[in-house]
Amino acid sequence: MTAEAQSTTELLLSRIRDVPDYPKPGVLFKDITPLLADPEAFTTLTAALAALCAEQGATKIVGLEARGFILAAPVAVRAGLGFIPVRKAGKLPGATLRQAYELEYGTAEIEVHAEDLAAGDRVMVIDDVLATGGTAEASIELIRRAGAEVAGVAVLMELGFLPGRARLEPVLDGAPLTALITV
């Protein structure tokens, strides 16, 4: 890891607050709101994610509901790229593509506007946390169904003790999965 990358990691980690027993007993929640409230840390995060988009030749950025929107929108502005929200089913008007995916207990669905992605687009998926990988996997399927290519997946934080990376690597077909922090 370069000195600059180490400095970025240290800054970002210093602005993530641990909240024990939230949302239920036994869970250690990683709260990113202090990072978002710190202009230096948020700017550093945005720059790091925008650099990943440039490295991968992304032409559009997908942000995953809901905290992924907070990260992906300023990255898109900084990188000069379009921002595409991937929302929970039923939240977007007009024609959409919908993808179901498995949760720990049940299923969920996400959607994207059908006309927002097309052949020739190279799409970077951005989210705050990679946990089990279900939402990210479903977004990859949506991107491909729209005819676009996945440039990669980038997250602020990966929960290394959960199987998200193992779930995503086979469906990424060689596209990179980058976590700025792994806890």
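Computed from a predicted structure; not experimentally measured.
Transitive grouping of hydrophobic side chains (ILVMFWY, heavy atoms separated by less than 4.5 Å) keeps I32 and L130 in distinct clusters. Residues I84 and V153 fall within the same hydrophobic cluster, defined by Ile, Leu, Val, Met, Phe, Trp and Tyr side chains chained together at heavy-atom separations under 4.5 Å. Both I181 and M124 belong to a single network of hydrophobic side chains, linked directly or stepwise wherever heavy atoms of I, L, V, M, F, W or Y lie under 4.5 Å apart. No continuous path of ILVMFWY side-chain contacts below 4.5 Å connects L117 to F69, so the two sit in separate hydrophobic clusters. Note: the hydrophobic cluster containing L159 does not contain V155 (ILVMFWY, side chain heavy atoms under 4.5 Å, direct or indirect links).
For the residue pair F42 and I70, the shortest heavy atom distance occurs at CZ-O, 3.7 Å. Of all heavy-atom pairs between S139 and V125, the closest is OG-CG1, 3.7 Å. Closest non-hydrogen pair, A151 versus P176, comes out as O-CD, 3.3 Å. T59 and G120 get closest at one heavy-atom pair: OG1-O, 4.3 Å. I110 and Y101 get closest at one heavy-atom pair: CG2-CE2, 3.7 Å. Shortest non-hydrogen contact noted between L92 and P85 is CD1-O, 4.3 Å.
To the nearest 0.5 Å, atom CD of residue E115 and atom CG of residue L97 are 9.5 Å apart. Distance CZ/R67 to OG1/T33: 9.5 Å, rounded to 0.5 Å. Between R122 atom CZ and I143 atom CD1 the span is 11.0 Å, to the nearest 0.5 Å. Within the model, atoms CZ of R167 and CG of L177 stand 13.0 Å from one another, a figure rounded to the nearest 0.5 Å.
Contact check for K60 versus L81: no side-chain heavy atoms found under the 4.5 Å cut-off. V62 has its side chain out of reach of V112: every pair of non-hydrogen atoms, C-beta onward, lies at least 4.5 Å apart. Residues I16 and M157 meet the side-chain proximity criterion, which asks for heavy atoms closer than 4.5 Å. Side-chain contact between L49 and I61 is absent, with no heavy-atom pair separated by less than 4.5 Å. D116 has its side chain out of reach of F83: every pair of non-hydrogen atoms, C-beta onward, lies at least 4.5 Å apart. When side chains are defined from C-beta on, V123 does not count as touching V150, because their heavy atoms never get closer than 4.5 Å. Residues K30 and D18 meet the side-chain proximity criterion, which asks for heavy atoms closer than 4.5 Å. Counting heavy atoms from C-beta on, the side chains of L45 and L11 never come closer than 4.5 Å.
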### Message
Before you tell me yes or no, could you show the steps for L156 and L35 under side chain to side chain contact (heavy atoms under 4.5 Å, CB included), namely the whole-Å CA-CA distance, both residues' side-chain angles and the distance that decides it to 0.1 Å?
### Response
CA-CA 11 Å; L156 165 60; L35 186 155; 4.2 Å; yes
### Task
Go through the steps to decide whether L168 and I140 satisfy the test side chain to side chain contact (heavy atoms under 4.5 Å, CB included), and finish with yes or no.
CA-CA 9 Å; L168 289 184; I140 290 167; 4.1 Å; yes
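The side chain to side chain contact (heavy atoms under 4.5 Å, CB included) with L180 is formed by just one residue from the set T9, L13, T44, L52; it is L52. Between Q99 and the choices R145, R144, E137, the side chain to side chain donor-acceptor pair (under 3.5 Å) rule is met once, by R145.
For residues 32-59, the set of pairs meeting the salt bridge (charged side-chain N to carboxylate O under 4.0 Å, His left out) definition, not counting sequence neighbours, comprises R15-D38.
Not counting sequence neighbours, the partners of E65 by the salt bridge (charged side-chain N to carboxylate O under 4.0 Å, His left out) test are R87.
In this structure, Q6 places its CD atom where more than 12 heavy-atom neighbours from other residues, nucleotides or ligands lie under 6.0 Å away. For F29, the CZ atom counts as densely surrounded, since its 6.0 Å shell holds more than 12 non-hydrogen atoms of other residues, nucleotides or ligands.
The main-chain N or O of E4 is found under 3.5 Å from a side-chain atom of T8 such that the two form a donor-acceptor pair.
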